[in-house]
Protein chains: 2
Amino acid sequence: MPKKVDHEERRREIAAAVLRLVATRGVEAASLRAVAGEAGVSMGAVQHYFTTRDEMLRFALAHNNTLLAERGARLLAERQPATPRETFRLFCDLLLPFDEDSRTAARLWAGLISRACVNEPTRELAAAAYTGLTDFVVRQLSGALPDADAGRAARHLVSVIEGLRWPVLFGVYTRAQAMGILDDQFELIFRPARAR
Amino acid sequence: MPKKVDHEERRREIAAAVLRLVATRGVEAASLRAVAGEAGVSMGAVQHYFTTRDEMLRFALAHNNTLLAERGARLLAERQPATPRETFRLFCDLLLPFDEDSRTAARLWAGLISRACVNEPTRELAAAAYTGLTDFVVRQLSGALPDADAGRAARHLVSVIEGLRWPVLFGVYTRAQAMGILDDQFELIFRPARAR
DNA sequence: GCTTATACAATGCAATCGCATTGTGAAACG
DNA sequence: CGTTTCACAATGCGATTGCATTGTATAAGC
């Protein structure tokens, strides 16, 4: 019938435009027209791929989560961390807004959170993102710790990292200060079991 | 001259309407008209007290921060926590979205964060809120720990609490699970110094 | 080659937005 | 008692919003 177009690929392209807008000017700025302009297509095209603005935003934020997961897996594969501590540092670099990439990701995360507060499907998305991240960390830790401790350690580490995201993004902590807090945390958690 | 009106008090009343809207329907919903309607005044009144929507939002979010600080001080005064652990639990109840009040506060916090990502004055506000909170906790802890440790412990505790806010709000952790994580953390930090 | 389904593009529309302007009633001051 | 000044109320305006509708170019199936 008509032209053959990779539907999902086009959606992802438009989603990328959404993410650029959300990261630089906030969720409110991601209007249909602005997105169309940013993506270099007509507004009709955006409407063709997303029935509603809400669906567009939800897809974009979900897409961003899979991008982040891929980035984490890639980092893990290429840096091959040998010790739990190296793995941990890798996650810090991935999740905390130290460089421009992760600062962008943090701003997107902020958009996700603010929408999740008032939009049920987005809330489910955010909840899934948190559980997914924690599970991922559990799996990374499961070699280095007994299973029972791995779960606990993962929840600890994820909590502290998450708790540092906004202070770091807003300039309350420098990278060195944040890493200091995280190092302390790491020491505490990975102290030999007998000392606990 | 004209009627005598407590200017700041009126601003706070309007800000309360803003906060109600932000908490229930998000920052975007706090339009001048909606705020006027919620506050039960005309749009002209809102404009009379705030020169711009941006200023209105900033004032409302800053106002919310002082309300939260007052609430913390009041809780501290009436519950008179004797041990660091009791103090800590008090802060958890204050900051984590366990009841409807603190869930509202968390949604407001989300609004603050998302705006802080794209609005410089709001960013400063958010940064000040984080440092203010940490300083407050340091002061609470300074009796129970040597000064050097109090700062470190405070940054730890605040980080973990902050890291649990969104998972709790989005239903990833129940109150019991969150408190379990926090208890563990508390144990780690307050373990006798010789064991470190 | 005609049909048909797709992939957009263009435009229209009612609603809403922030903000500016203007009007009015009242109260304090001279 | 008149003037001034503040506290609003009402309305207007241009811009922008999400969404619906319509038009059209293209290309695969029969």
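Worth saying up front: this structure is predicted, and the values here are computed from it rather than measured. The sequence lines fix the lettering, A, B, ..., with proteins before strands; numbering per chain opens at 1.
- A salt bridge is defined here as a Lys NZ or Arg NE, NH1 or NH2 lying under 4.0 Å from an Asp or Glu carboxylate O, and B:Arg107 with B:Glu100 meets this definition.
- Atoms CZ (B:Arg10) and C1' (D:dA7) sit 9 Å apart, rounded to a whole Å.
- For the pair B:Glu86 and B:Arg89, the salt-bridge criterion is not met [side-chain N within less than 4.0 Å of a carboxylate O].
- Across the protein-nucleic acid pair, A:Arg11 atom CZ and C:dA7 atom P stand 12 Å apart, rounded to whole Å.
- Rounded to whole Å, atom P of D:dT17 lies 13 Å from atom CG of A:Leu57.
- Going from atom NE2 of A:His7 over to atom C1' of C:dA5 covers 14 Å, rounded to whole Å.
- B:Arg58 and B:Glu55 are not joined by a salt bridge, as no carboxylate oxygen comes within less than 4.0 angstrom of a charged side-chain nitrogen.
- Rounding to whole angstrom units, NE2 of residue A:His48 and C1' of D:dA25 are separated by 13 Å.
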Treating primed atoms plus P, OP1 and OP2 as sugar-phosphate and everything else as base, which nucleotides of nucleotides 13-20 of chain C get B, S or - for protein heavy atoms under 4.0 Å? ----BBBB

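- Salt-bridge annotation for B:Glu187 and B:Arg85: present, with a side-chain N of the basic residue lying under 4.0 Å from a carboxylate O of the acidic one.
- In this structure, CD1 of A:Ile14 is placed 12 Å from P of C:dA7, rounded to the nearest angstrom.
- For the pair B:Arg11 and B:Phe59, the cation sits on the ring face: its NZ or CZ lies under 6.0 Å from the ring centre, inside 45° of the axis.
- By the 4.0 Å N-to-carboxylate-O rule, B:Arg175 lies too far from B:Asp99 to be salt-bridged with it.
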